[in-house]
Number of protein chains: 4
Amino acid sequence: MARGELGKEAKRKTILAAAVRVFAEKGYFGARMRDVAAAAQVADGTLYLYFDSKEDLLTAVLEEHAQAFVERARRDCARLADPRHRLHAVLERHLVSLEANRALATVFQIELRHSRKFLRRIAKGQVSQYLQLLQEIVASGVSQGIFRRELDPKVAARVIFGAVDELVTAWVLSQKPSGLKEQLAPLLEVLFYGLCGSESNEAHGKRGEP
Amino acid sequence: MARGELGKEAKRKTILAAAVRVFAEKGYFGARMRDVAAAAQVADGTLYLYFDSKEDLLTAVLEEHAQAFVERARRDCARLADPRHRLHAVLERHLVSLEANRALATVFQIELRHSRKFLRRIAKGQVSQYLQLLQEIVASGVSQGIFRRELDPKVAARVIFGAVDELVTAWVLSQKPSGLKEQLAPLLEVLFYGLCGSESNEAHGKRGEP
Amino acid sequence: MARGELGKEAKRKTILAAAVRVFAEKGYFGARMRDVAAAAQVADGTLYLYFDSKEDLLTAVLEEHAQAFVERARRDCARLADPRHRLHAVLERHLVSLEANRALATVFQIELRHSRKFLRRIAKGQVSQYLQLLQEIVASGVSQGIFRRELDPKVAARVIFGAVDELVTAWVLSQKPSGLKEQLAPLLEVLFYGLCGSESNEAHGKRGEP
Amino acid sequence: MARGELGKEAKRKTILAAAVRVFAEKGYFGARMRDVAAAAQVADGTLYLYFDSKEDLLTAVLEEHAQAFVERARRDCARLADPRHRLHAVLERHLVSLEANRALATVFQIELRHSRKFLRRIAKGQVSQYLQLLQEIVASGVSQGIFRRELDPKVAARVIFGAVDELVTAWVLSQKPSGLKEQLAPLLEVLFYGLCGSESNEAHGKRGEP
DNA sequence: AATGAATGAGCGTTCATTCAT
DNA sequence: TATGAATGAACGCTCATTCAT
């Protein structure tokens, strides 16, 4: 092992973690590469031995964590049969993961969305896979007769994602760093009723019943 | 109202509209003040007679439209008694308003969120009022016995907002410019079941009870 | 006339002159745009209102002066019939022009040749026109029976150009700033009569031996 | 000579040859030391075991080849008595040497002249010796009565050098890699007999009238 | 009120060089 | 001797903002 103390992969991680911290604190545009280098305790040029550009650094944050998250979520699901339990598990992981690293959450909820370009990249990549997972859960719930058959799994998946995402963003923006996971129960509560429904639930569309 | 006054306000609107178009097309950071000036057919310096800064221009877009939106939504609600009808009306307006002006939608869903600073401003301003409105609808629905009493109005409001917001963002990002309003029905469908519930809905948390 | 004191074209000239001075002193690569701006007493950004890039600045030096030089040389020639007089006039102008502005000469002899790209641009542009002029002079001299009929006008033109160019470069490199024009006479002398002179003009090598 | 010594010198040559190729292809400034290292198939740092700096690398190209060239030219001369034959031999070697290695020619004609500093180094070093040689040839030609006695050997030497140099540069810049040596004959022709030739050698202007 | 020429701070990236192994 | 990861100084260019007219 040469000049550096850490292996190559370890240094990559170090830089990435530093980038998350700096981006979270100053915002992507407010952050200078020099800040990231300083935070990672490497020279400016060293950053470019591990990442192609500032943008690549941001992209890497996404790839590194979102990938892993979706995989873990899928594995969680595989262990559970009931779609309600699955949803519970996935959303819990979602909230817990981000609550555990507020800086990372900030980058995910804010910095990664600063442009259509990035939003699209996310939308077509990891988020799309996440939505896919949610959609599968909904669909399997429907075919098991646990979720209402009228559900449009695509819209339902987006509703679920939108709901969690909004909660997380609100948490990131709030000054008091607390209580993300506590919102899991009420969130699920609303979602389950929406998904499960009941036979006696006179449809909304049939307004003006006797 | 003097002629000058009218001209002044009109020019302000012209600039603002130009800004929306330019921000939507190039993104806030990609857009140069010169681009906005050109789009509004005024000189660079003239922008500063109407707006303090580039940021102020973006802020003004928000204030101008979001304000009006929330007010209109409140007025809509005042005319309706059933919380379901109210929600229907508000969300319909939400979707229709943005579908009618894709550039504006782009600015709202993307450009206004590129930094914590702006997100906070939004969150504390118009979005907060919007959430407040939703919360009131939910609360009144609960007290009327139409929505489930277990609902946490705060979380429910966020879930609703998150869901619509996610749908709009997906629409903005999609290449094919179509079909936002069509998602209203399935959206409401999921939300109403979530909000209304039914007596036969054994709660998820209380699984396995007699 | 706005903020500045000078007209737009005048300021362009000012910047260009400053660039010539700075490039001559520090070399193209050694010169920073900031140096040029300072020398022209304008802000850094102002340079870019008049020139597209650092490279464009260098190119402009060429265009501005070389163009004019070739035109003047052509006009000089038009007034004279004897090709020897013409050559005399052209080369005199060449030497005098550059001797009058050593900084400009430096840029022409050195900085404009720092890369194949620039050399090609020069070679295909102004220098090519200059060579063309020389070639025409030689050709007309030949057809008038004043210059030897065996001459290859193309090679002759290059020989002439190469000779003057070398003298100028040597002068630019020499520390003592003097005496460029004085070399006109011996230069013409060699060019007109070559090395061998008349009486000994039995051909060199195998040609025309008794 | 130890095996190590031989290997060392051989690697030096390898690097130097690589440098010539890379400098010729990308230009001195466009070439990165890494490119040279890669071309020589050594590590970046290894270059610095053989050369002090990038500049030193360029300088070494000059020293290595120009030195040898001048020496060979001198040796050629020593074998010949007639100054015309000598000039013929020297210029032939000049053209042939460079035609044989276009990359080297490119470095000599272009890269070595990108700054006053380098031009001066060349002018004071090898070129100065070359000019000295040419001057001696001219001078001996004059004293032998073969060259005209009016010649200024210094100026004549520069004219000769400038002429060849210009031809070589034009050849380097031309896209079609052909025909440098073919220009020797017309070049010598002009140099020996000048433009005017014998019969018409009535002096130009007032000079040398009866 | 309107103009638009001028300003100048600010930053991502490159690459010659070093040095621990 | 050779390596190549690490260093960090250096710079062209952009663009929001100002202000003389």
Side-chain angles (χ1 to χ4, degrees), chain A residues 1-8 11 15 29-38 40-57, chain B residues 4-5 7-8 11 29-38 40-57, chain C residues 1-8 11 29-38 40-57, chain D residues 4 7-8 11 29-38 40-57:
Chain A
M1 200 173 294
R3 203 137 46 130
E5 304 278 309
L6 310 75
K8 184 133 190 171
K11 184 164 280 189
I15 292 174
F29 288 103
R32 285 164 296 140
M33 287 301 267
R34 180 157 306 173
D35 297 329
V36 176
Q41 289 181 301
V42 298
D44 296 13
T46 303
L47 298 180
Y48 292 86
L49 295 176
Y50 294 86
F51 300 93
D52 288 340
S53 63
K54 190 183 182 186
E55 194 176 300
D56 184 40
L57 204 44
Chain B
E5 279 307 281
K8 182 135 192 186
K11 187 166 278 190
F29 288 103
R32 286 162 292 146
M33 288 301 266
R34 178 157 302 177
D35 297 329
V36 176
Q41 289 182 302
V42 298
D44 296 15
T46 304
L47 298 180
Y48 291 86
L49 297 176
Y50 295 87
F51 302 94
D52 289 342
S53 67
K54 190 183 184 185
E55 199 176 295
D56 183 40
L57 203 45
Chain C
M1 198 174 293
R3 201 130 61 122
E5 307 276 307
L6 309 75
K8 185 130 193 178
K11 184 163 279 189
F29 289 102
R32 285 162 296 140
M33 288 302 267
R34 181 157 304 175
D35 297 329
V36 176
Q41 288 182 299
V42 297
D44 295 16
T46 303
L47 299 180
Y48 292 86
L49 295 176
Y50 295 87
F51 301 94
D52 288 341
S53 64
K54 190 182 182 185
E55 195 177 301
D56 183 41
L57 204 44
Chain D
K8 181 136 193 186
K11 187 166 279 192
F29 289 103
R32 287 163 294 147
M33 289 300 266
R34 177 157 303 175
D35 297 328
V36 176
Q41 291 181 301
V42 297
D44 297 14
T46 304
L47 298 180
Y48 290 86
L49 297 175
Y50 295 87
F51 301 93
D52 290 339
S53 65
K54 190 183 183 185
E55 198 176 298
D56 183 41
L57 203 45

Chemist: If you compare all heavy atoms of A:L47 against all heavy atoms of A:M33, which two are closest, and at what distance to 0.1 Å?
Modeler: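 Heavy atoms only, the tightest pair is CD1-O, 3.3 Å.
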Chemist: Could you run through nucleotides 10-16 of chain F and give me one letter per nucleotide, 5' to 3': B if any protein heavy atom sits under 4.0 Å from the base, S if only the sugar-phosphate is that close, - if neither?
Modeler: BSSBBSS
Chemist: Please identify each residue that fulfils side-chain contact (heavy atoms from CB on, under 4.5 Å) with C:Y50, with sequence neighbours left out.
Modeler: C:K8, C:K11, C:R12, C:I15, C:T46
Chemist: According to salt bridge (Lys or Arg N to Asp or Glu O under 4.0 Å), who are the partners of C:D35, at least two apart in sequence or on a separate chain?
Modeler: C:K26, C:R32
Chemist: Whole Å only: how far is the NZ atom of A:K11 from the P atom of F:dG4?
Modeler: 16 Å
Chemist: Got a sec, which pairs hit salt bridge (Lys or Arg N to Asp or Glu O under 4.0 Å) with one end in residues 45-54 of chain B, sequence neighbours left out?
Modeler: none
Chemist: Rounded to whole angstroms, how far apart are CG on B:L49 and P on F:dC19?
Modeler: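 My rounded result for the distance is 13 Å.
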Chemist: What pair of heavy atoms forms the shortest contact from A:F51 to A:D56, and how long is it?
Modeler: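 Smallest interatomic distance, heavy atoms only, reads CA-OD2, 3.5 Å.
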Chemist: Which residue, A:Y50 or D:V42, contacts DNA chain F at a nucleotide closer to its 5' end, judged by nearest heavy atom?
Modeler: D:V42
Chemist: What residues, two or more places apart in sequence or in another chain, satisfy side-chain hydrogen bond (donor to acceptor under 3.5 Å, both in side chains) together with B:Q41?
Modeler: none
Chemist: In whole Å, what is the span from the CG atom of D:L47 to the C1' atom of E:dC19?
Modeler: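 Interatomic distance, CG of D:L47 to C1' of E:dC19: 15 Å.
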Chemist: Note every stem involving DNA chain F: at least three consecutive Watson-Crick or G-U wobble pairs, i with j then i+1 with j-1, with both distances under 3.5 Å.
Modeler: E:2-21 with F:2-21
